[in-house]
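In what follows, a single structure is set out as structure tokens and then discussed.
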Number of protein chains: 2
Amino acid sequence: MQIINMSEMNVEVARKKLAELLKKKKLRSTVERSAILDEALATEGHFEADDLLAILKTKGVKTSRATIYRTLELLCDLGFLRKVCFREAHLHFQKITDEPRREHLICTNCGAQIEVQLPQIAEINQRLCAESDFRMTDYCFNIFGICSKCAKGNE
Amino acid sequence: MQIINMSEMNVEVARKKLAELLKKKKLRSTVERSAILDEALATEGHFEADDLLAILKTKGVKTSRATIYRTLELLCDLGFLRKVCFREAHLHFQKITDEPRREHLICTNCGAQIEVQLPQIAEINQRLCAESDFRMTDYCFNIFGICSKCAKGNE
DNA sequence: TTGATTGCAAATCCTTTGCAGGGAA
DNA sequence: TTCCCTGCAAAGGATTTGCAATCAA
């Protein structure tokens with residue numbers, strides 16, 4: 001996964017970039033991929049797969065739910081989009097203690113979880129909540145990526 | 001939602017606390033709720049609803065999936081458990097730009113999202129990844145709680 | 001006795017997958 | 001022509017819900 005600077009990227013440039021990246025990966029350019037990228041980049045903030053499908057439908061772009069999901073995954077791989085996790089479905093649970101909470105570096109390849117302690121997080125949270133007059137009940141912080149083992153294995 | 005210090009809490013104390021909190025909320029004490037709390041607190045690290053059901057089954061505790069879900073939700077409300085979000089299901093997407101990324105304070109009552117910028121997060125991530133020889137591709141950070149509007153509304 | 005709680009099964013929601021047809025290279 | 005990509009429909013997994021029976025208070 002690579003990072004692309006999309007701050008000033010217009011539709012034309014984005015499409016060109018997409019074509020280029022697809023070619024590099026020996027994947028094909030299709031109208032669906034192009035349309036989904038256009039719409040994803042036109043969206044401010046975050047969106048769900050189904051939002052995109054609905055918007056495309058209203059614009060007369062015919063595509064399927066399966067393609068949306070496959071393409072969004074692809075656009076993440078190519079570095080156009082990121083996944084954002086809100087806490088909605090498929091949850092894990094953990095007991096609450098007064099031990100310092102641990103955060104996780106999660107390897108998206110092998111699933112390994114490296115635990116780390118981050119005392120700064122508590123301070124940051126406190127400050128943020130004070131500033132916004134927000135009463136925190138919980139937070140989540142996770143880092144996703146490739147662990148050293150997997151990085152070595154793929155070389 | 002309240003925070004309970006469970007670091008030195010044994011089964012007895014936890015059960016007593018549960019009974020007390022249930023009473024305060026005019027909810028009933030049941031063997032299922034007790035068993036689920038016991039098992040949840042006996043678990044190191046995090047677990048899923050189905051994990052718990054399986055463990056209870058092996059221990060001869062008869063309960064249903066529906067009760068597990070309902071009770072875990074309750075135990076979160078009562079402050080015994082927290083929800084942990086890993087990035088697995090029901091994702092949102094967001095385009096990648098070079099603008100500083102914003103994090104969210106999410107009101108669990110009204111759904112309002114307050115955006116904040118946190119330059120420190122990038123530094124923290126860099127340090128963590130360096131320490132653990134981890135190649136980050138993404139992260140998530142969200143704070144959950146009650147926004148000022150909802151806090152006022154409920155007074 | 002009363003109504004909160006349970007278990008079951010069905011429903012729901014989001015996502016993935018198998019497969020045959022269509023289209024890019 | 002090749003075989004990647006699509007759409008459909010079915011499958012999948014996690015979670016929620018309606019309802020009748022059960023059980024705590």
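Just so it is clear, the structure is predicted and the values come from calculations on it, not from any experiment.
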When you check the phosphate oxygens OP1 and OP2 of dA24(D), does a side-chain N or O of Thr30(B) lie under 4.0 Å from one of them? no

When the distance from CG of Leu22(B) to C1' of dA4(C) is rounded to whole Å, what number comes out? 12 Å

To the nearest Å, give me how far apart NZ (Lys62(A)) and C1' (dG7(D)) are. 8 Å

Whole-Å distance, Lys25(A) NZ to dC3(D) P, equals 21 Å

Could you check whether atom CD of Gln126(B) has more than 12 heavy atoms from other residues, nucleotides or ligands sitting under 6.0 Å from it? no

Using heavy-atom distances to pick each residue's nearest nucleotide on DNA chain D, tell me which of Arg65(A) and Arg28(B) is more 5'. Arg65(A)

When the distance from CG of Leu53(B) to C1' of dG13(D) is rounded to whole Å, what number comes out? 14 Å

Side-chain N,O (Thr67(B)) to OP1/OP2 (dT5(C)) below 4.0 Å: no

Relative to the 5' end of DNA chain D, which residue comes earlier, Arg70(A) or Lys26(A), by the nucleotide with the nearest heavy atom? Lys26(A)

Is there side-chain contact between Glu103(A) and Phe141(B), with at least one heavy-atom pair below 4.5 Å? no

With respect to the phosphate group of dC5(D), does any side-chain polar atom (N or O) of Arg33(A) fall under 4.0 Å of OP1 or OP2? yes

Would you kindly give the CD-to-C1' distance between Glu73(A) and dT6(D), to the nearest whole Å? 17 Å

NZ/NE/NH1/NH2 to OD/OE distance under 4.0 Å, Lys17(A) and Glu20(A): yes

What are the two closest heavy atoms between Asp38(B) and Val11(B), and how far apart are they? OD1-CG1, 3.6 Å

At under 4.0 Å, does any side-chain N or O of Tyr69(A) touch on OP1 or OP2 of dT16(C)? no

Which of dT15(C), dT17(C), dA25(D) is nearest the side chain of Ala66(A)? It is dT17(C)

Between Lys23(B) (NZ) and dA24(D) (P), how many Å, whole number? 16 Å

Salt bridge flag under 4.0 Å for residues Lys59(A) and Glu39(A): yes

Rounded to whole angstrom units, what separation is found between the CD1 atom of Ile68(A) and the P atom of dT16(C)? 13 Å

Leu56(A) has an atom CG; how far is it from atom P of dT6(D), in whole Å? 13 Å

